[in-house]
*Asks:* 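Starting off with a structure, shown below.
Every heavy atom of this structure was used, including side-chain atoms; hydrogens, water molecules and symmetry mates were not.
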Amino acid sequence: MMELRTDTRQKLVRIVVAFLGVVTLYLLFSDLALAEDAATPPACGGKILEKCTPNPGDTAWMLTSVALVLMMTVPGLGLFYGGMVRKKNVGDTVMTSFAVTCLVTILFAVLTYSLAFRSGSPFIGGLDRMFLKDILSDIGKGGIGNPNPLAATIPESVYICFQMTFAIITPALIAGAFAERMKFSAMLWFIGLWAIFVYAPIAHWVWGPDGIFSAGNDAAWVKVLDFAGGTVVHINAGVAGLMCAIMLGRRVETGPAHNMVLTFIGASLLWVGWFGFNAGSAVTAGMQAGMAMLVTQIATAVAGFTWMLVEWALKGKPTVVGICSGAVAGLVAITPASGFVGPVGAFAIGVAAGVCCYWGCTGLKRMFSYDDALDCFGVHALGGIVGALLTGVFAVEQYGGTAGVLEGNPAQFVNQCIGVATVFVYDAVVSLIILFVINLFVGLRVTKDIEREGLDLALHGEVVQ
């Protein structure tokens, strides 16, 4: 009977994959034909905006996006992760998301905004905005003051808030890898140092006005397409999470997710907030934002549904945690592509994310025996890699200004590979150095007794009733 069920599931998987492949090919050729007639995007629609005037509509959209992206971390990520740990560690998990939000806000205002998003060198920004000095000119000069060249139609204060929410959620994602066993003090040290020495340089490489990988920098060494954070946010967080999991080792004991409803609510908040994450990265309320929103919705739904079908076929039952994880994988994978691909690319990326991230959270993790507690690497690093590489395949010039492999530009795929590999290696090496130093002076892991008792009571003096 078991052999019959396994054979049936395998047949179902083959049928589903074949069906999705046929639909993707059909839509692909249809989309490429229609792209030829698409309207050219406005001159003010690129990643680095030029010849623009202050726009209250852009400012209103970006204020909304700030709120949506902040909602992704508190409460979205806190609930998503909180539902997947055991009950005795829920408080520490949600506390981590909240504390990271506070810590990174302070660091971003003091230092990392200037290092990441101001001109300096190809590798790191300048210090002209330390402690956010001079941004008061936004008020004294008709509401626009000294805008960042990456966001010329909105006050710099709004752009700072928007990028601050990205800087917050990126290290918060790492907590999924070390959940249920890392010292709270060690976590704060790691997140603070990582935000300065890893996040800020990589954000500058990819998004800074003079970064080595910035697609909007004419002097960039390699132009990498990353619309909203496939490399800067997701590969970055996922690789750091893997390094944490390796350094900390396996948990003493594990258990099932204690409350799938919390995970469902958290995933739902992430899905909604992601429209600010992706569509907001257009930094204008225009056509590029509209396309980013559309492809985000499509890729997320396709990835969640694909994950559900694969899990159903291989394990016999679709799960709430599974479909939620699949949706998040789709959100992750479409992030770098959202301003560059059309609906067909979104469909293909969704299928790839659902399949690859499911494998990353099951087969890959078993293969190498690392304890990535909440699948930070399997969802975010693998999803980010899938999305970043497929951006180089499905990019449509008339949507985002750069052609991909399917429009005769294979060099862009090579650029994406270089960007992914560089971020992966730099992040892994520097994260390991930071973890080694913290372990030397503070210690990374709680004792076995604390781990068995639960981090909530031992570290915070609180328990969930």
Side-chain angles (χ1 to χ4, degrees), residues 17 20-38 40-41 45-48 122 202 205-207 211-232 234-236 239 278 281 288 291-292 295 298-299 302-303 330 332-357 381-426:
V17 172
L20 294 176
V22 170
V23 172
T24 301
L25 288 173
Y26 170 77
L27 292 175
L28 172 63
F29 288 111
S30 300
D31 191 74
L32 290 176
L34 291 173
E36 295 179 359
D37 298 325
T40 302
K47 185 62 179 176
I48 291 185
I202 290 178
W205 297 353
V206 179
W207 290 337
I212 56 172
F213 294 147
S214 176
N217 174 20
D218 290 336
W221 298 6
V222 176
K223 294 191 176 184
V224 177
L225 301 180
D226 186 357
F227 191 71
T231 51
V232 178
H234 297 293
I235 297 174
N236 213 3
V239 171
N278 286 357
S281 291
Q288 196 173 35
M291 182 61 77
V295 297
I298 291 172
V302 170
V332 169
I334 195 61
T335 292
S338 54
F340 303 109
V341 305
V344 170
F347 192 99
I349 289 170
V351 173
V355 173
C356 293
C357 292
L382 285 188
I385 290 170
V386 166
L389 296 183
L390 291 183
T391 300
V393 174
F394 291 100
V396 177
E397 185 173 8
Q398 291 194 13
Y399 291 154
T402 303
V405 172
L406 296 178
E407 288 191 335
N409 182 23
Q412 189 57 51
F413 182 79
V414 175
N415 289 354
Q416 300 300 105
C417 292
I418 293 171
V420 167
T422 305
V423 169
F424 195 108
V425 172
Y426 176 84

*Asks:* With sequence neighbours left out, write down each residue that passes side-chain contact (heavy atoms from CB on, under 4.5 Å) with Ala303, or none if nothing qualifies.
*Replies:*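 With sequence neighbours excluded, Ala303 shows a side-chain contact (heavy atoms from CB on, under 4.5 Å) to Ala353, given in chain and number order.
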
*Asks:* What residues, two or more places apart in sequence or in another chain, satisfy side-chain contact (heavy atoms from CB on, under 4.5 Å) together with Ala346?
*Replies:*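 Applying side-chain contact (heavy atoms from CB on, under 4.5 Å) to Ala346 gives Val295, Ile298, Ala299, Ile334.
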
*Asks:* What are the two closest heavy atoms between Ser214 and Ala220, and how far apart are they?
*Replies:*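 Result for this residue pair: O-CB, 3.3 Å.
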
*Asks:* Within the side chain of Gln412, is there an N or O that forms a donor-acceptor pair under 3.5 Å with the backbone of Lys223?
*Replies:*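 Yes, Gln412 side chain to Lys223 backbone: donor-acceptor pair under 3.5 Å.
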
*Asks:* CD1/Ile235 to CD1/Ile202 distance, rounded to the nearest 0.5 angstrom?
*Replies:*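 Rounded to the nearest 0.5 Å, the CD1-CD1 separation comes to 9.5 Å.
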
*Asks:* Could you pull out the closest heavy-atom pair between Leu225 and Ala395, with the gap in Å?
*Replies:*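 Closest pair (atom of Leu225, atom of Ala395, distance): CD1-CB, 4.1 Å.
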
*Asks:* Give a yes or no answer on whether the side chain of Ser338 reaches the backbone of Thr335 with a donor-acceptor pair at less than 3.5 Å.
*Replies:*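 Here the side-chain-to-backbone pair exists.
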
*Asks:* Would Val224 and Ile418 count as a side-chain contact (heavy atoms from CB on, under 4.5 Å) here? Give the steps.
*Replies:* CA-CA 8 Å; Val224 177; Ile418 293 171; 5.8 Å; no

*Asks:* Tell me every residue that passes ring pair (Phe, Tyr, Trp, His ring centres under 6.0 Å) with Phe413, counting only those two or more places apart in sequence or in another chain.
*Replies:*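 Not a single residue meets the ring pair (Phe, Tyr, Trp, His ring centres under 6.0 Å) criterion with Phe413.
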
*Asks:* In Å and rounded to the nearest 0.5 Å, what is the CZ to CZ distance from Phe394 to Phe347?
*Replies:*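 Rounded to the nearest 0.5 Å, the CZ-CZ separation comes out at 11.0 Å.
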
*Asks:* Looking at side-chain heavy atoms only, is the closest gap between Leu406 and Val393 below 4.5 Å?
*Replies:*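 Leu406 vs Val393: side chains touch.
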
*Asks:* Specify the closest pair of heavy atoms between Phe227 and Ser281, including all atoms of both residues, with the distance to one decimal.
*Replies:*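 Looking at all heavy atoms of both residues, the closest pair is O-CB, 3.5 Å.
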
*Asks:* Donor-acceptor pair, distance only, cut-off 3.5 Å: does the side chain of Trp205 make one with the backbone of Val232?
*Replies:*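 Side chain of Trp205 to backbone of Val232, a donor-acceptor pair under 3.5 Å: no, none is there.
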
*Asks:* Under 3.5 Å, side chain of Gln416 to main-chain N/O of Ala388, donor-acceptor pair present?
*Replies:*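 Confirmed, Gln416 side chain pairs with Ala388 backbone.
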
*Asks:* Might you point out which heavy atoms bring Tyr399 and Gln288 nearest each other, and give the distance in Å?
*Replies:*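 Taking Tyr399 first and Gln288 second, the nearest heavy atoms are O-NE2, 4.2 Å.
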
*Asks:* Quick one: does Leu389's side chain get under 4.5 Å of Cys417's, heavy atoms only?
*Replies:*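 Leu389 vs Cys417: side chains touch.
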
*Asks:* State which residues pass side-chain contact (heavy atoms from CB on, under 4.5 Å) with Val332; sequence neighbours excluded, sorted by chain then number.
*Replies:*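 side-chain contact (heavy atoms from CB on, under 4.5 Å) list for Val332, sorted by chain: His234, Trp274, Val328, Val379, His380.
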
*Asks:* Between Asn409 (side chain) and Ala403 (backbone), is there a donor-acceptor pair under 3.5 Å?
*Replies:*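 Such a contact is found between Asn409 side chain and Ala403 backbone.
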
*Asks:* Nearest heavy-atom pair of Ile349 and Ala337: which atoms, and what distance?
*Replies:*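 The pair with the smallest heavy-atom distance is CD1-CB, 3.6 Å.
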
*Asks:* Just to verify, what does Val386 make a side-chain contact (heavy atoms from CB on, under 4.5 Å) with, not counting sequence neighbours?
*Replies:*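 Scan of Val386 (side-chain contact (heavy atoms from CB on, under 4.5 Å), adjacent residues dropped) gives Ala352, Cys356, Leu390.
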
*Asks:* For Glu407 and Glu397, work out which heavy atoms get closest and say how close.
*Replies:*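 Closest heavy-atom pair between Glu407 and Glu397: OE1-N, 2.9 Å.
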
*Asks:* Taking side-chain hydrogen bond (donor to acceptor under 3.5 Å, both in side chains) as the definition, give me every residue that meets it alongside Thr391, ordered by chain and number, with sequence neighbours left out.
*Replies:*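 With neighbours one apart ignored, the set is empty.
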
